[in-house]
Asks: 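My questions all concern the structure below.
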Amino acid sequence: MSPDRAASIRAAILDWYRANARELPWRGTRDPYAVWISEVMCQQTRVDTVLPYYARFMARWPTVEALAAADDDDVRAAWSGLGYYRRAQLMLKAAREVVSQHQGRFPDDADGLLALPGFGRYTAGAVAAFAFDRPRAAVDGNVTRLVARLEALEGDVMQGSGAQAVWRAAEALAPGASPGDVAQGLIEVGALVCTARNPRCGACPVAEACKARAQGAVERIPAPRKRATKKAVALTAVLWLDGGRVLLSRQPEAGLFASLWCPIFLEGHLEPDGAADEALRAHRLDPGPLTSTGQVRHVLTHRTLEIHVLRASNKAPRRLPEGMAWAPLDALTEWAIPSVTARCLDAALDRAERAKIRLTRRETRRTPAAQGSLPGLE
DNA sequence: CAGTCGTGGGG
DNA sequence: TCCCCAAGACT
């Protein structure tokens, strides 16, 4: 990219950003910790979803020292429902590294940041640019799309040589005045204007410079990402409820829902009065009679979990197998559970029980406006 | 490099 | 209902 073209695009992005940027809680701070938390939460996650999580997280762990001293399960619980839970684990590891090996100060440029767990090329560039005002590129999905269109890059820009070309162009845009605002501006234009569907080219500050637009190729560029094939997985979830508590089982430290608490998952769709009962006895559990209470279809990136939900109500056994625990329903927000656990639990409860729990469950999990029901009803 | 790892919103 | 996908990183 020619220096003139880069300067022109940079100036247009900067002007537009200063006039149109959304006010977000992590904007207007140079605190690398705050910037970092927001960046990790935003990975593959919509801003609207992140907002309540970010507020709670920063209130509870306002500094890297506080986070470094946090309990792993408390952090997982704070992440509950956000998905991609390994992010939280790597974040905790990085916080401890910053405190123990960097005197609590983040490295002030991308190379140093890149060495920390959970910092990839994007996050390192973003923190370097936003917090330290370094002239670094921060190429996320938004910037990839924007740059691919600006330069009319054909083919797959998500990986390989296509991704390299995007980074090269983004790095050409980085040097100059206010690099932090330029980097955020590129992201913001990608997020609000140069959108994947129905891009608002009429409102775009760099429409004049856009090669895809000149070629009438905006709809075609970037080429759609190759998507993973989803495999259906049949499971049976056993929700054992007793005395206002539910029996949960901790997942292994690696893999799906790592270290989180889930219902007892059995492979396959098992009959309540036969195979399911047998499988539980293999866990040395006597759940008593099982009743089928519904089904949950939970879609993940590479799998679709098709879950048959069974409910057990026998009296709690004296001793539980390793890795299992009783979770009080009125304290479930303090437990590290993925959304699928909450959904299975919902499916196992009757309406009255659900209503009771809803009063105590965190209402910010969903935006109130999205509920569609009036307050006081229900 | 290709597979793994969540969730919820919107067309 | 289905499909796309959103401020990616790690193995």
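Just so we're on the same page: letters track the sequence lines, and every chain starts at 1.
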Asks: Looking at side-chain heavy atoms only, is the closest gap between A:Glu188 and A:Trp16 below 4.5 Å?
Replies: yes
Asks: Of all heavy-atom pairs between A:Pro205 and A:Val189, which one has the smallest distance, and what is that distance?
Replies: CG-CG2, 4.1 Å
Asks: Heavy atoms under 4.0 Å, any strand shown: does A:Trp26 hit a base, just sugar-phosphate, or nothing?
Replies: base
Asks: In whole angstrom, what separates A:Trp79's CH2 from B:dT7's P?
Replies: 13 Å
Asks: Which nucleotide in the set B:dC5, B:dT7, C:dG8 lies at the smallest distance from any side-chain heavy atom of A:Val340?
Replies: B:dT7
Asks: Does the side chain of A:Tyr84 get closer than 4.0 angstrom to OP1 or OP2 of C:dC10 through an N or O atom?
Replies: no
Asks: Return the value, rounded to whole Å, for the distance between atom CD of A:Gln251 and atom P of B:dG6.
Replies: 10 Å
Asks: With a 4.0 Å cut-off on heavy atoms, is A:Leu256 in touch with a base, just the backbone sugar-phosphate, or nothing at all?
Replies: sugar-phosphate
Asks: Between A:Ser161 and A:Ala258, name the one whose nearest nucleotide on DNA chain B is closer to the 5' end.
Replies: A:Ser161
Asks: Using only side-chain N and O atoms of A:Thr301, determine if any of them is under 4.0 Å from OP1 or OP2 of B:dC5.
Replies: no
Asks: Need one value for A:Ser38: base, sugar-phosphate or nothing, where a base atom within 4.0 Å counts as base even if backbone is also close, heavy atoms only.
Replies: nothing
Asks: Do A:Pro317 and A:Trp240 have side-chain heavy atoms sitting under 4.5 Å apart?
Replies: yes
Asks: What I want to check is whether the side chains of A:Tyr122 and A:Gln43 have a donor and an acceptor closer together than 3.5 Å.
Replies: no
Asks: Quick one: label A:Ala196 by what it contacts on the DNA or RNA (base, sugar-phosphate, nothing), any heavy atom closer than 4.0 Å.
Replies: sugar-phosphate
Asks: For the side chain of A:Arg46, counting heavy atoms from C-beta on, which of B:dG3, C:dC5, B:dG6 is nearest?
Replies: C:dC5
Asks: On DNA chain B, nearest-nucleotide positions of A:Arg197 versus A:Thr45: which is more 5'?
Replies: A:Thr45
Asks: Looking at C:dG8, B:dT4, C:dA6, which one has an atom nearest to any side-chain atom of A:Thr123?
Replies: C:dG8
Asks: By the 4.0 Å heavy-atom rule, please label A:Val143 as base, sugar-phosphate, or nothing.
Replies: nothing
Asks: Using a cut-off of 4.0 Å on non-hydrogen atoms, how would the nucleic acid contact of A:Gly255 be classed: base, sugar-phosphate, or nothing?
Replies: sugar-phosphate
Asks: Using the six-membered ring of A:Tyr53, assess whether NZ or CZ of A:Arg56 lies under 6.0 Å from its centre and within 45 degrees of the ring axis.
Replies: yes
Asks: Grab the CD-C1' distance between A:Gln89 and B:dT4 for me, whole Å please.
Replies: 16 Å
Asks: Both A:Glu39 and A:Arg86 contact DNA chain C. Which one's nearest nucleotide lies toward the 5' end?
Replies: A:Glu39
Asks: So does A:Arg225 get a side-chain nitrogen or oxygen closer than 4.0 Å to the phosphate oxygens (OP1/OP2) of C:dA6?
Replies: no
Asks: Please tell me which of the listed nucleotides, B:dT7, C:dA6, C:dA9, lies nearest to the side chain of A:Phe257?
Replies: B:dT7
Asks: Over all strands shown, is A:Arg76 touching base, sugar-phosphate only, or nothing at heavy-atom distances under 4.0 angstrom?
Replies: nothing
Asks: Using side-chain heavy atoms (C-beta onward) and a distance below 4.5 Å, is A:Thr123 in contact with A:Leu113?
Replies: no
Asks: Assess, by modelled atom type and distance only, whether the side chains of A:Gln89 and A:Arg76 contain a donor and an acceptor separated by less than 3.5 Å.
Replies: yes
Asks: It should be established whether A:His298 places a side-chain nitrogen or oxygen under 4.0 Å from OP1 or OP2 of nucleotide B:dT7.
Replies: yes
Asks: For A:Arg27, answer base if it contacts any base atom (sugar-phosphate contacts may also be present), sugar-phosphate if it contacts only those atoms, and nothing otherwise; contact means non-hydrogen atoms under 4.0 Å.
Replies: base
Asks: Between C:dG8 atom P and A:Leu114 atom CG, what is the distance in whole Å?
Replies: 16 Å
Asks: With sugar-phosphate meaning primed atoms plus P, OP1 and OP2, does A:Leu24 contact a base, only sugar-phosphate, or nothing at under 4.0 Å between heavy atoms?
Replies: base
Asks: Return the value, rounded to whole Å, for the distance between atom CD of A:Glu253 and atom P of B:dC5.
Replies: 15 Å
Asks: Between atom CG in A:Leu260 and atom C1' in B:dG6, what is the gap in whole Å?
Replies: 10 Å
Asks: Output yes when at least one side-chain N/O atom of A:Thr49 is less than 4.0 Å from OP1 or OP2 of B:dG9, else no.
Replies: no
Asks: Using the P atom on both, measure B:dG8 against C:dA9 and round to a whole Å.
Replies: 22 Å
Asks: Any base atoms under 4.0 Å from A:Val47, or only sugar-phosphate, or nothing? Heavy atoms, all strands.
Replies: base
Asks: Using the closest heavy atom to pick a nucleotide of DNA chain C for each, name whichever of A:Phe119 or A:Arg297 lands nearer the 5' end.
Replies: A:Arg297
Asks: For A:Tyr53 and B:dG8, give me the distance from atom OH to atom P, rounded to whole Å.
Replies: 7 Å
Asks: Tell me the interatomic distance from A:Arg303, atom CZ, to B:dT7, atom C1', rounded to whole angstroms.
Replies: 15 Å
